[in-house]
Amino acid sequence: YTFGNVVGANTSHLLPTSTRFTAGAAHHDVWSSGLPNDVPRSSEMVYAGLDNEHENMRFKPFFHYTGTHAEGQDGWNHTVRGGFRGPISDYLSLLTDAGYFWTDASEKSSLLWNLRLDHDINSTTSQSLRFARTTTCPLQSIQTTVGYMLRKTFGPDLRAEAVAERSQY
């Protein structure tokens, strides 16, 4: 059995440029008898972001920073990402970003990216295609993934998802 808790706080404010500034921090604990010894039992995270909310912009830019620290780790891990999201058409939307990951404790660093297309087939069915290079949590391995997801909503409390994904670490 695994149990966990997260406690945190965040704040957000809409700047005069129709850009939302968000910042926050969180602490996460995990209790489990089945975790390997190299998996941290607690971690901290700080984050800040700027997200454009201008109504007349089709593709809205964003910039995010995240810093994480895990139990037993020297220093912090840092990630910065910038990109844009928005509708291509009434039924197709795009999320794309690029960024960089680095650590204080080692020479480990990597370029990151994300490209996701979401297609609303109808009001109850959607599909997504994703190609991304990200970091895993909590061990911060570099992961390159291509994936597809089909989601069907049958009612207010019933949803089915089929996912096919291939990752390389």
Side-chain angles (χ1 to χ4, degrees), residues 1-12 14 19-36 39-55 57-66 68 70 77 79 81-99 101 112-169:
Y1 296 101
T2 301
F3 301 96
N5 73 335
V6 177
V7 62
N10 71 15
T11 185
S12 110
L14 188 60
T19 301
R20 182 161 304 277
F21 172 74
T22 304
H27 176 82
H28 182 233
D29 290 305
V30 175
W31 296 277
S32 176
S33 58
L35 287 175
V39 176
R41 303 292 199 259
S42 68
S43 62
E44 292 78 32
M45 177 179 66
V46 295
Y47 57 90
L50 294 168
D51 293 89
N52 188 286
E53 296 182 359
H54 195 277
E55 284 184 30
M57 288 185 78
R58 179 177 210 116
F59 295 106
K60 296 173 175 49
F62 63 88
F63 180 80
H64 294 166
Y65 166 80
T66 305
T68 59
N77 299 323
T79 303
R81 288 180 172 273
F84 58 90
R85 68 182 67 132
I88 295 172
S89 70
D90 289 341
Y91 304 103
L92 190 63
S93 60
L94 172 72
L95 166 66
T96 184
D97 66 60
F101 167 81
L112 305 175
W113 66 85
N114 184 34
L115 174 63
R116 190 178 84 203
L117 288 171
D118 296 321
H119 177 219
D120 294 329
I121 298 169
N122 57 44
S123 62
T124 62
T125 309
S126 65
Q127 59 185 347
S128 295
L129 183 62
R130 179 175 180 240
F131 179 54
R133 183 177 176 107
T134 60
T135 57
T136 63
C137 185
L139 298 179
Q140 302 299 326
S141 299
I142 304 300
Q143 172 185 16
T144 303
T145 301
V146 62
Y148 171 81
M149 180 178 66
L150 178 65
R151 176 181 292 141
K152 176 71 175 172
T153 302
F154 295 102
D157 298 321
L158 184 60
R159 182 174 68 195
E161 293 179 352
V163 178
E165 189 172 272
R166 171 135 171 92
S167 295
Q168 182 179 13
Y169 298 89

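- Counted by atom type alone, Gln143 and Ser141 present zero donor-acceptor pairs between their side chains at under 3.5 Å.
- With sequence neighbours left out, Gln127 forms a side-chain hydrogen bond (donor to acceptor under 3.5 Å, both in side chains) with His119, Tyr148.
- For Leu115, the side chain to side chain contact (heavy atoms under 4.5 Å, CB included) test picks out Leu94, Thr96, with sequence neighbours left out.
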Exercise for review: Please assess Arg85 against Asp97 for the test salt bridge (Lys or Arg N to Asp or Glu O under 4.0 Å), listing each intermediate value before the final yes or no.
Suggested key: CA-CA 9 Å; Arg85 68 182 67 132; Asp97 66 60; over 6 Å; no

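- Considering every non-hydrogen atom in both Asp120 and Ser126, the closest pair reads OD1-CB, 3.6 Å.
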Name the atoms and distances for all side-chain donor-acceptor pairs under 3.5 Å in residues 150-158, with sequence neighbours left out.
| from | atom 1 | to | atom 2 | distance (Å) |
| --- | --- | --- | --- | --- |
| Arg151 | NE | Glu161 | OE2 | 2.8 |
| Arg151 | NH2 | Glu161 | OE2 | 2.9 |
| Lys152 | NZ | Thr124 | OG1 | 3.0 |
| Lys152 | NZ | Thr125 | OG1 | 3.3 |

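- Scored by the side chain to side chain contact (heavy atoms under 4.5 Å, CB included) test, Asp29 finds Asn5, His27, Trp31, Ser42 as partners (sequence neighbours excluded).
- Note: Asn77 CG to Thr135 OG1 = 7.5 Å, rounded to the nearest 0.5 Å.
- The side-chain hydrogen bond (donor to acceptor under 3.5 Å, both in side chains) test applied to Arg116 returns Asp118, not counting sequence neighbours.
- Ring geometry for Phe84 versus Phe59: interplanar angle over 60°, hence perpendicular rather than tilted (30 to 60°).
- Taking both residues in full, the closest heavy atoms of Arg58 and Ile88 are given as NH2-O, 2.8 Å, listed atom of the first, atom of the second, then distance.
- Looking at residues two or more places apart in sequence or on another chain, you find a salt bridge (charged side-chain N to carboxylate O under 4.0 Å, His left out) between Arg20 and Glu53.
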